[in-house]
Structures are given as C-alpha cells and as structure tokens.
Amino acid sequence: MRNKNIVKMVQIAMLIALVIVLQTLGTFFKVGPFPFSLVLIPIVVGGYLFGAKTGALLGGAFGVMALVYSITGGDPGGEMMWIANPWLTAVVCLVKGVAAGWISGLLCTLFQNKNKPFLGIVLASMAAPIVNTGIFLVFLTTCYNSTLVTWAAGGGYGSSAWELTRYILGGIVLINFGFEFVTTTVFSPATKRIIDALKKTNR
C-alpha cells in the first residue's frame with residue numbers, strides 16, 4: 001500500500017510538472033493577447049487517473065502559473081487584467097483552473113463507475129475547456145469592461161455591444177477556445193488509451 005501511495009504521489013508530481021511546462025510553452029505562442037495552451041490535457045488525464053480532487057489540484061497548478069505569468073508579463077492579456085484589478089485576477093485564474101479540473105475529474109469518475117471510462121474522458125475533455133473559458137468570459141464581460149474594450153480595439157473592433165460580441169465570438173471563442181476544445185478532446189482520450197495499454201502491459 002505504501003509503495004502504491006508513493007507511485008501515485010510521483011505520478012501526480014509528474015503531471016503537475018507537465019502542467020507547468022505546457023503553461024510555460026503556451027506563453028510563446030499567442031493570438032492577440034491570448035496564449036495557446038495544451039495545459040488542459042494533463043489536467044483531464046489526472047482527473048481520469050485519480051479523480052476530482054487531483055483534477056482540482058492540477059487545475060490549481062494551472063491557475064497559479066496563469067497568475068504568475070499575468071503578474072510578470074509573460075501573458076500580456078493577463079498582465080492587463082492584473083493591472084486593472086490584481087485580486088480579482090487572482091480569483092479568476094484560480095477559480096477557472098480548479099473548476100475545470102474538478103468538473104472533468106467528476107465526469108471521469110462518474111462514468112468509470114458506470115463502466116464507461118472512454119465516454120467519461122471524452123465528456124471530461126469537452127467540459128474542461130468549456131468551464132475554463134466560460135468562467136473567464138463571465139468575469140471578463142462583467143468585471144473587466146475597459147480591458148475588453150482595449151483588447152477589441154487592438155483587434156480592429158469597436159466598443160459597441162455588438163462589436164464587443166463579435167470580438168468575443170471571433171477572437172476568443174472561435175480561435176482560442178476552439179483550439180483548446182479540439183486539442184483537449186482529441187489528445188486526452190488518446191492519452192487515456194496509451195495509459196490503459198501500459199497498465200495491461202505491466203500486469
């Protein structure tokens with residue numbers, strides 16, 4: 001039992017390290033003020049392997065790294081949010097990351113208990129980017145209006161409600177959310193299959 005706990009701790013530590021690495025790499029690839037990121041993949045996989053608490057832990061690590069890059073300027077969009085409202089930005093980063101990991105972990109556990117693990121990880125892979133982006137957009141549109149207007153202006157959009165809606169749908173949802181949704185939905189189940197194959201090999 002002790003050896004199993006040690007192995008589990010090592011595996012979780014490796015997933016946290018992967019979250020940090022992918023979040024760091026994401027700061028080098030941006031569209032507008034937003035980084036592209038593959039960081040949700042290890043979060044979903046962690047939730048599949050170890051449940052909702054581990055998913056939330058990994059999501060929290062993602063949130064901490066997002067906050068660090070917002071403070072240091074590694075994420076220009078996040079830096080603007082930090083300047084506008086530091087404490088609220090910390091809440092946004094942590095809440096959206098933890099919620100995405102926790103909910104995806106819950107879905108994985110729920111469907112594993114129903115002997116449908118593949119369906120669980122597919123749904124979890126879809127849920128993680130939806131929750132992450134959804135919470136971000138709620139805060140952005142209700143608490144960061146001036147920041148949103150600035151971002152939209154940088155993309156050539158006006159400041160009217162219609163123009164801001166166009167910017168959100170075209171600049172945030174279609175591109176950034178679309179990228180996260182597709183990559184997480186494709187690669188998380190693929191990673192799950194690899195993990196399952198390795199487990200069978202090691203029996």
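Heads up: numbering here begins at 1 and tracks the sequence.
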Is there a path from V138 to F177 through hydrophobic residues (I, L, V, M, F, W, Y) whose side chains come within less than 4.5 Å of each other? no
Indicate, with yes or no, if L140 and V98 share a hydrophobic cluster defined by side-chain heavy-atom contacts under 4.5 Å among Ile, Leu, Val, Met, Phe, Trp and Tyr. no
I83 CD1 to S70 OG distance, which is reported to the nearest 0.5 Å: 10.5 Å
Main-chain N/O of T185 paired with S188 side-chain donor or acceptor, under 3.5 Å: no
Would you compute the distance between atom CZ of F118 and atom CD1 of I121 and round it to the nearest 0.5 angstrom? 8.5 Å
To the nearest 0.5 Å, tell me how far I43 CD1 sits from L22 CG. 9.5 Å
Note, I16 side chain near L57 side chain (heavy atom, < 4.5 Å): yes
Pairs where residues 84-113 contributes a residue and the test side-chain hydrogen bond (donor to acceptor under 3.5 Å, both in side chains) is met, not counting sequence neighbours: T89-Y144, K96-N132
Pairing residues for F50 by the ring pair (Phe, Tyr, Trp, His ring centres under 6.0 Å) criterion, not counting sequence neighbours: none
With rounding to the nearest 0.5 Å, note down the distance linking SG in C108 to CD1 in I103. 12.0 Å
What distance do L58 atom CG and K53 atom NZ have between them, rounded to the nearest 0.5 Å? 14.5 Å
Shared ILVMFWY cluster between L148 and W162, side chains joined below 4.5 angstrom? no
Which ILVMFWY residues are connected to W82, directly or by a chain of links, through side-chain heavy atoms under 4.5 Å apart? L67, I71
Would a single hydrophobic cluster contain both L40 and L94, if residues Ile, Leu, Val, Met, Phe, Trp and Tyr are joined by side-chain heavy-atom contacts under 4.5 Å? no
What closest approach, in Å, do G158 and E163 show between heavy atoms, and which atom pair accounts for it? N-OE1, 2.9 Å
Distance from Q23 atom CD to L38 atom CG, nearest 0.5 Å? 10.5 Å
V64 side chain reached by C93 side chain, heavy atoms, under 4.5 Å: no
Same cluster or not: V19 versus V68, using hydrophobic residues (I, L, V, M, F, W, Y) connected whenever any side-chain heavy atoms lie under 4.5 Å apart? no
Determine whether L49 and I12 make a side-chain contact, defined as any pair of heavy atoms from C-beta on separated by less than 4.5 Å. no
Tell me, do V44 and Y48 make a side-chain contact under 4.5 Å, heavy atoms counted? no
Criterion side chain to side chain contact (heavy atoms under 4.5 Å, CB included) on L164 and N145, from CA distance to verdict: CA-CA 10 Å; L164 294 178; N145 186 67; 4.2 Å; yes
Over all atoms of both residues, closest heavy-atom pair of T147 and A84: OG1-CB, 3.8 Å
F139, CZ: over 12 other non-hydrogen atoms inside 6.0 angstrom: yes
Within-4.5 Å side-chain heavy-atom neighbours: Y69 and E79: no
